[in-house]
Amino acid sequence: MQPEKISQDEYEAELNRLHERREELEEQETTLASHDHGGGLPADQQNRLAKVRGELADVLQGIGDLQDRYADGGGAPPQPDGALGE
């Protein structure tokens, strides 16, 4: 089954949204991880960190899936930089 085509405007809007969410989650991850001063994090903060990391993984997967969908729909070649866009 072929992926549903996506317009360039839809692609760019969704990609920008996902990258913004990725940046927010990376900031949250950094903030939570910075509270560990060698003794580990309390259980509630460990749970929050795990949740943020899980959501970040989902967003990165979403970026990759969106790029593949756009490329498969004939919009553009796959981007070799991957989800991080570096």
Side-chain angles (χ1 to χ4, degrees):
M1 184 172 159
Q2 289 291 338
E4 187 176 321
K5 288 190 178 189
I6 184 171
S7 73
Q8 184 171 352
D9 290 340
E10 291 172 321
Y11 168 75
E12 289 175 2
E14 182 66 9
L15 189 62
N16 286 337
R17 186 191 69 76
L18 288 169
H19 277 297
E20 287 174 13
R21 184 65 182 142
R22 176 186 55 87
E23 290 172 6
E24 292 170 5
L25 290 166
E26 286 174 345
E27 284 183 33
Q28 289 178 13
E29 178 185 34
T30 300
T31 300
L32 287 167
S34 71
H35 293 192
D36 182 357
H37 300 289
L41 293 171
D44 63 332
Q45 285 189 334
Q46 287 178 358
N47 291 340
R48 281 189 218 124
L49 182 57
K51 183 178 177 185
V52 166
R53 286 179 173 163
E55 190 173 343
L56 180 57
D58 290 344
V59 168
L60 292 174
Q61 181 66 49
I63 290 170
D65 290 349
L66 179 66
Q67 290 172 336
D68 289 346
R69 179 178 164 208
Y70 186 62
D72 289 347
Q79 295 186 9
D81 296 337
L84 296 179
E86 296 175 339

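- A distance of 11.0 Å separates CG in L15 from CD in Q8, rounded to the nearest 0.5 Å.
- Using a 4.0 Å cut-off between a side-chain N of Lys or Arg and a carboxylate O of Asp or Glu, E55 and K51 do not qualify as a salt bridge.
- Put simply, CD on E29 and CG on L25 are 8.5 Å apart, with the number rounded to the nearest 0.5 Å.
- Ion pair R69/D65 not flagged as a salt bridge, since none of the NZ, NE, NH1 or NH2 atoms sits closer than 4.0 Å to an Asp/Glu carboxylate oxygen.
- At least one side-chain heavy atom of L49 sits under 4.5 Å from a side-chain heavy atom of R53.
- Side-chain contact between L18 and R22 is absent, with no heavy-atom pair separated by less than 4.5 Å.
- Y70 places none of its side-chain heavy atoms less than 4.5 Å from the side chain of E10.
- We find the CG-CD distance between L32 and Q46 to be 11.0 Å, quoted to the nearest 0.5 Å.
- Evaluated for a side-chain contact (heavy atoms from CB on, under 4.5 Å) with L56, the options Q61, R21, E26 yield exactly one hit, E26.
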TODO: Give the C-alpha distance, both sets of side-chain angles, the deciding distance and a yes or no for side-chain hydrogen bond (donor to acceptor under 3.5 Å, both in side chains) between E24 and Q28.
DONE: CA-CA 6 Å; E24 292 170 5; Q28 289 178 13; 5.6 Å; no
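- Using a 4.0 Å cut-off between charged nitrogen and carboxylate oxygen, E20 and R17 do not count as a salt-bridge pair.
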